[in-house]
Amino acid sequence: MSTFDELKEKISYLNQNDQKLIEKAYFFAEENHQNQKRNTGEPYIQHSLSAAATIADLKLDEPSVAAALLHDICEDTVITPAQLRKEFGKEISNIVDGVTKLSKIRITTRWLFVKEKEQLADYDRQVETLRKMFMAMAQDIRVVIIKLADRLHNMQTIDGVPETKRYRIAKETLIIYAPIANRLGMGELRGQLEDLSFPIVYPKEYMELKKQVANRLSEKEKYITKLKKTIMIKLYKEGVRGEIHGRTKHMYSLWRKLQRYDNDLSSIYDLVALRIIVNTIEECYKTLGIIHKNWKPLVGRIKDYIAMPKPNGYRSIHTTVFGPGGEIVEIQIRTKEMHQQAEFGIAAHWHYSEKKGGIDYILRKNSRVPKEELVWVKELANWQKALADNKEMISTLGMDFFSKRIFVYTPTGDVKNLPVGATPIDFAYAVHTDLGNHTGGAKVNNKMVDFSHQLQSGDIVEIIKKKNASPKTDWLEYAKTSLARAKIKSQTKNLKK
Ligand code: MN
């Protein structure tokens, strides 16, 4: 049971006014959810409090914490978006609205039972499209983070959910939510989401792995505890002050890694790793020197993610050494700031005092975001633009939305949202009227197709423009969208004149 007092403690980084707003949101949520219970039997407000606590731990701004408390208010109570807006303003109601909409992203049953080992290119693309759709629809990064916090609590309380529903929830968490957390650099959240889903999606494999690692894990933990003290003393003597933690690898990520290593546990050196957190980048390299002076590193195992960060912004130095007694151990070295980033990712960059959660805004205004490292986030900004231009899509967003719409790409990776059954003609007009009017041919996934070809989600569509091409009345047979039909009609009329 969490309480509002606990949340109050967590939001002490906010000013008095902001705290008052959150208090108001809490009482509003409590009153409106009051007779509702979660599947676990707990009062519903426990769920809202938990999501808000996760957001407060990330130190996001006051609208985020308030919106987390209110995130289910429009979906599960009589409160309408308009009422919420009147009570809490546009910013908070927009965030809540965004969170509500994201609930509608579902994987189709066709893909639900595909095992990750049997991944097909088709499946990969579908899942990737879902992830991007998720991000693109959110418009505001705060919506995504709240949705992740919401999912975290849903996973923590999944035992209350009927067994038949558990698999879908866990699978979606594993293939959509956790990868998004990862790409936003939120390593800790990703690990939690994966480890909560793992036993449900792969129960047999999970049990086997648990058995397999049990002994090794406890041995290794003992070893690391001893080594921690030794290293602490060595650093101290050289004038480096830092913290050292042992960190045990998350189960799911261990399982995935084992698959790449022929299931050979003895070749996994970071089952338990040591993490050294120092103050400056100079100290990171100095620490690496001290470690290597004392213990020989393994060839090819030194990774300098400070000089060359991972695409999600992750920075650290990793090395693997022959520790005392010849035991092989991985050591990760980073500054406090890098550690914050590795755990909280984009949320760490995005201090609560900075207003507006748009990804564009983050890229433009927040100089602390290492721009070149957030390639994926940039790509998303383009997706968001494409969707924002398509007001029709936002307004027609209903429960069955995704069963009636497809998402296809332009050759440059822009996404176009079309009805099921749409053809290259619809696509061409969706890109540009002029392109539609001069459609000479079409390629789908690099193969020529004719105009009656029905596009599928994930297709890459290229229109071959011909100067002398012009709309024919028989194009109306292929055009599904009203936009294309209207353009074809007016253009053929013009040509007759
Ligand atoms: Mn919820």
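Note that ligands are numbered from 1 as they come in the structure, with each ligand's atoms numbered from 1 the same way.
- The Mn ion (ligand 1) is closest to atom OD1 of D150 (considering only N, O or S atoms).
- Ring centroid separation for the pair F28 and F88 comes in under the 6.0 Å cut-off.
- Within the 2.8 Å limit, D72 places at least one N, O or S atom next to the Mn ion (ligand 1).
- Residue pairs meeting the ring-ring contact (aromatic ring centres under 6.0 Å, His included) criterion with at least one partner in residues 48-83, sequence neighbours excluded, are H47-H71.
- Under the side-chain contact (heavy atoms from CB on, under 4.5 Å) criterion, E6 pairs with S2, T3, not counting sequence neighbours.
- Counting backbone and side-chain atoms alike, H71 contributes an N/O/S atom closer than 2.8 Å to the Mn ion (ligand 1).
- Here the shortest heavy-atom pairing between G160 and N39 reads O-CB, 3.1 Å.
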